[in-house]
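Naming convention: chains lettered A, B, ... in sequence-line order (proteins, then strands); numbering from 1 in each chain.
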Amino acid sequence: MEKVRTRFAPSPTGFMHIGNLRTCLYAYLWAKKHNGTFVLRIEDTDQERYVEGAVDVIYSTLKKAGINHDEGPDKDGGYGPYIQSERKPLYLKYAQELVEKGGAYYCFCTKERLATLKDENGITRYDKHCLSLSKEEVQQRIAAGEPYVIRQNIPTEGVSEYDDMVFGHISVPNKDMEDEILIKSDGMPTYNFANVVDDHLMNINYVIRGVEYLSSTPKYNLMYDAFGWERPHYMHLSPIMKDAQRKLSKRYGDANFEDFIAKGYLPEAIVNYIALLGWAPKSNQEKMTMQEMLEQFDVDGISHSPSIFDEAKMRWLNGEYIKELSVDDFVKYATPYFEQSKIAGKYDYKKLAELLIPRTEIFSDIPEKVNFLEEFGEFDVEMFEHKKMKITKEIALSVLRKCEEVLPSFEKWDNDSLKEMLMKTATDMGIKTGQIFLPLRLAISAAASTPGGATELAVLLGKEETLRRLKFSRELLESKM
RNA sequence: GGCCCUAUGGUCAAGCGGUUAAGACACCACCCUUUCACGGUGGUAUCAUGGGUUCGAAUCCCGUUAGGGUCACCA
């Protein structure tokens with residue numbers, strides 16, 4: 001196998017979309033799997049859509065995602081420049097070469113004339129009007145300063161075919177393809193042309209991109225052929241969808257890598273999840289490192305149909321990653337969320353982390369899990385009733401009274417000691433351990449669910465606060481009996 | 001509308017002519033349990049449709065239906 005070279009060629013139009021990131025990932029995996037080279041190229045031929053700072057977003061996203069390009073604007077590998085706008089002179093030269101070889105021609109048609117070519121569906125198909133212009137006339141009109149474009153000259157007969165690595169054999173009748181513009185009247189190349197020229201010049205031999213190019217690829221092949229260049233291999237990828245009809249896109253929100261990071265997802269989890277959207281490893285393994293993906297990635301496992309993005313599954317995967325975090329790492333990621341919760345600046349984040357690690361799927365869930373520590377007040381005493389544990393309000397009340405009796409004089413305020421003492425108290429009272437812990441937990445948290453049991457919360461709250469809450473709840477319960 | 005592509009549970013998906021049609025998420029039940037989680041066990045649920053080919057079809061072929069893409073001086 002020849003030395004593999006793949007590329008990711010985004011347009012700097014803003015944030016990095018999840019779909020683009022997946023395309024990028026696959027291109028990276030394919031290159032690295034074969035010890036090849038992964039190239040980053042910026043396609044900014046459309047000045048109108050250029051967004052300031054977008055290139056930096058691309059760098060930072062790749063970095064966070066763990067995708068390291070071997071060549072790019074910031075890493076010269078001898079195939080530069082890697083920014084299309086800096087390659088401008090090249091394209092016209094190659095377009096002229098293509099004209100000479102018969103693969104393209106100058107066109108002077110005005111937008112007005114083109115508008116008259118619309119068919120009943122509003123589809124414009126160029127009629128090769130300018131193909132018949134003589135060389136002399138073309139020269140003369142160019143010299144006169146008349147605006148022009150250069151169009152690809154596609155045969156009107158025959159069929160163009162190629163084999164896509166994921167979709168298999170694709171064949172498109174030549175008559176169904178239009179003579180597309182290669183060089184715009186502003187002298188800039190269109191994507192169609194710049195892409196082919198750059199891919200060839202940069203020696204890209206595996207072109208990995210979205211399916212939207214599947215049916216126009218024969219056109220690109222026709223250009224490779226006309227130039228006498230070797231065609232690359234193609235791997236087209238089905239889109240990631242929001243639902244059965246709509247593609248995942250900025251318009252529907254949350255489609256950007258950065259958005260998910262902001263929501264409290266770990267970059268590795270996002271990358272892992274999107275790798276699995278549209279590709280399934282032979283091993284059936286789901287949680288995998290970049291290294292494991294490299295080893296297992298293969299074209300066979302790439303699906304042909306669109307995949308619907310399922311955030312619930314990504315949440316689960318993220319939770320799996322969080323469970324493996326050390327307490328310190330968890331605190332590092334979680335601190336911003338602690339800071340925006342009601343307990344900001346209070347409590348020991350490390351202690352909380354221990355309780356939270358197995359119960360957190362995404363970091364932004366943290367505030368609602370810890371707010372009960374500060375938010376304490378009246379609650380529905382019916383919550384004391386617990387059928388499965390056979391707890392009634394009467395039992396709960398006697399438990400709370402007993403706790404108020406034994407806790408004030410208890411000195412060893414740590415989890416194990418409290419637990420041991422309370423279990424003994426339960427025995428003394430002739431009830432099951434669950435019947436003492438459950439009412440106590442409720443009494444000091446006022447919350448139906450908390451990230452930890454009664455004694456863990458008691459330690460967190462401290463003795464004084466625990467007793468204050470206990471008294472409050474006991475009185476509340478008494479008043480409602 | 002022309003052309004190209006796609007079709008397995010709610011979602012991601014395995015499957016490559018013979019399987020009780022994997023697995024994961026979600027959901028439900030049970031177990032564990034100091035709540036909630038975690039963990040464990042089990043369960044509900046899928047081959048779009050009609051024709052072929054074949055002893056035998058989720059798998060191959062054709063039609064239908066549905067969906068996506070494309071038909072820009074966007075990429």
Side-chain angles (χ1 to χ4, degrees), chain A residues 9-11 13 43-46 48-49 107 111 114 119-125 147-151 164 167-168 170-173 175-178 180-192 194-195 209-218 236 238-239 241 243-247 273 276-287 300-301 303-317 319 323 355-361 369 383 386 389 419 422-423 426 432-442 445 447-457:
Chain A
S11 306
T13 56
E43 305 214 334
D44 59 347
T45 53
D46 182 11
E48 286 181 20
R49 297 210 312 179
C107 170
K111 284 193 170 155
L114 262 21
D119 66 10
E120 64 274 17
N121 295 311
I123 307 291
T124 312
R125 153 140 285 127
Y148 67 88
V149 299
I150 295 178
R151 284 180 186 274
D164 185 82
F167 286 92
I170 305 294
S171 84
V172 178
K175 67 173 170 51
D176 291 319
M177 294 187 279
E178 198 191 15
E180 270 191 295
I181 290 171
L182 268 23
I183 299 288
K184 307 181 225 178
S185 54
D186 64 1
M188 285 294 248
T190 56
Y191 164 85
N192 305 306
N195 209 259
R209 53 164 44 151
V211 257
E212 60 269 30
Y213 302 108
L214 189 72
S215 56
S216 47
T217 294
H236 285 99
S238 276
M241 312 288 286
D243 55 40
Q245 276 73 27
R246 298 171 295 180
K247 233 167 131 166
Y273 176 68
L276 259 21
L277 256 194
W279 169 65
K282 294 246 186 305
S283 68
N284 222 359
Q285 181 183 357
E286 294 209 293
K287 181 168 179 295
D300 264 23
S303 74
H304 298 184
S305 46
S307 317
I308 297 172
F309 188 85
D310 181 16
E311 194 173 345
K313 182 144 186 181
M314 187 164 78
R315 277 184 75 102
W316 164 78
L317 232 201
K323 278 181 206 126
L355 298 177
L356 256 13
I357 285 174
R359 299 164 224 258
T360 305
E361 283 193 322
K369 287 189 193 296
M383 291 199 294
H386 196 292
M389 290 284 191
K419 196 169 162 182
L422 287 170
M423 284 173 81
K432 289 197 280 192
T433 55
Q435 290 174 306
I436 193 168
F437 288 118
L438 217 129
L440 178 59
R441 185 197 62 82
L442 223 199
S445 68
S449 106
T450 51
T455 56
E456 288 161 319
L457 300 189

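The separation of B:U46 from B:G39, taken at their P atoms, amounts to 27 Å, rounded to a whole angstrom. Rounded to whole Å, the C1' atom of B:C55 lies 22 Å from the corresponding atom of B:C47. Rounded to whole Å, the separation between the C1' atoms of B:G17 and B:A58 comes to 11 Å. For the C1' atoms, the distance from B:U44 to B:C38 is 24 Å, rounded to whole Å. Here the separation of B:A57 from B:U20, taken at their P atoms, is 15 Å to the nearest Å. Comparing the C1' positions of B:A72 and B:G63 gives an interatomic distance of 35 Å, to the nearest angstrom. Using atom C1' as the reference point in both B:A26 and B:G10, the two lie 8 Å apart (nearest Å). Spacing of P atoms, B:C27 relative to B:A66, comes out at 34 Å, to the nearest Å.
Contact annotation: A:K282 does not reach the phosphate of B:C16 (side-chain N/O to OP1 or OP2, under 4.0 Å). In terms of phosphate contacts, A:S303 brings a side-chain nitrogen or oxygen within less than 4.0 Å of OP1 or OP2 of B:A13. Phosphate proximity of B:U6 to A:H304: present, with a side-chain N or O under 4.0 Å from OP1 or OP2.
For the pair A:L277 CG and B:U11 P, the computed distance is 13 Å after rounding to whole Å.
Checked against B:A75, B:C5, B:A22, the side chain of A:Y191 finds its nearest nucleotide in B:A75. Comparing B:C25, B:C5, B:A75 by their closest approach to the side chain of A:D310 singles out B:C25. Closest approach to the A:E43 side chain among B:A75, B:C5, B:A72 is made by B:A75 (side chain taken as heavy atoms from C-beta onward). Considering only the side chain of A:A312, B:C25 comes nearest among B:C25, B:A72, B:A14. Side-chain proximity of A:I308 to the nucleotides B:A13, B:C12, B:C5 is greatest for B:C12. For A:V149, whose side chain is taken as the heavy atoms from C-beta onward, the closest listed nucleotide among B:G23, B:C73, B:A75 is B:C73.
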Strictly under 3.5 Å: I want the nitrogen or oxygen pairs between protein and nucleotides 61-68 of chain B, one per line.
unit_1, atom_1, unit_2, atom_2, d
B:G67, O2', A:A244, O, 3.3
B:G68, OP1, A:Q245, O, 3.3

Grab the N/O contacts between the protein and nucleotides 1-3 of chain B below 3.5 Å, and write none if there aren't any.
unit_1, atom_1, unit_2, atom_2, d
B:G1, N3, A:N121, ND2, 3.4

Item checked: nucleotides 32-40 of chain B: protein proximity per nucleotide (B base, S sugar-phosphate only, - neither; heavy atom, under 4.0 Å) -> -BBBBSSS-
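Among residues two or more places apart in sequence or in another chain, the ring-ring contact (aromatic ring centres under 6.0 Å, His included) test is passed with A:F167 by A:H304. When the side-chain contact (heavy atoms from CB on, under 4.5 Å) test is applied to A:P173, the partners found at least two apart in sequence or on another chain are A:K175, A:D176.
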Which side-chain N or O atoms in residues 211-218 of chain A pair as donor and acceptor under 3.5 Å with protein atoms at least two apart or in another chain?
unit_1, atom_1, unit_2, atom_2, d
A:S216, OG, A:Y213, O, 3.4
A:T217, OG1, A:R209, NH1, 3.1
A:T217, OG1, A:Y213, O, 2.6
A:T217, OG1, A:H236, NE2, 3.3

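The base of B:C73 sits within donor-acceptor range of the side chain of A:S185, with an N or O pair under 3.5 Å.
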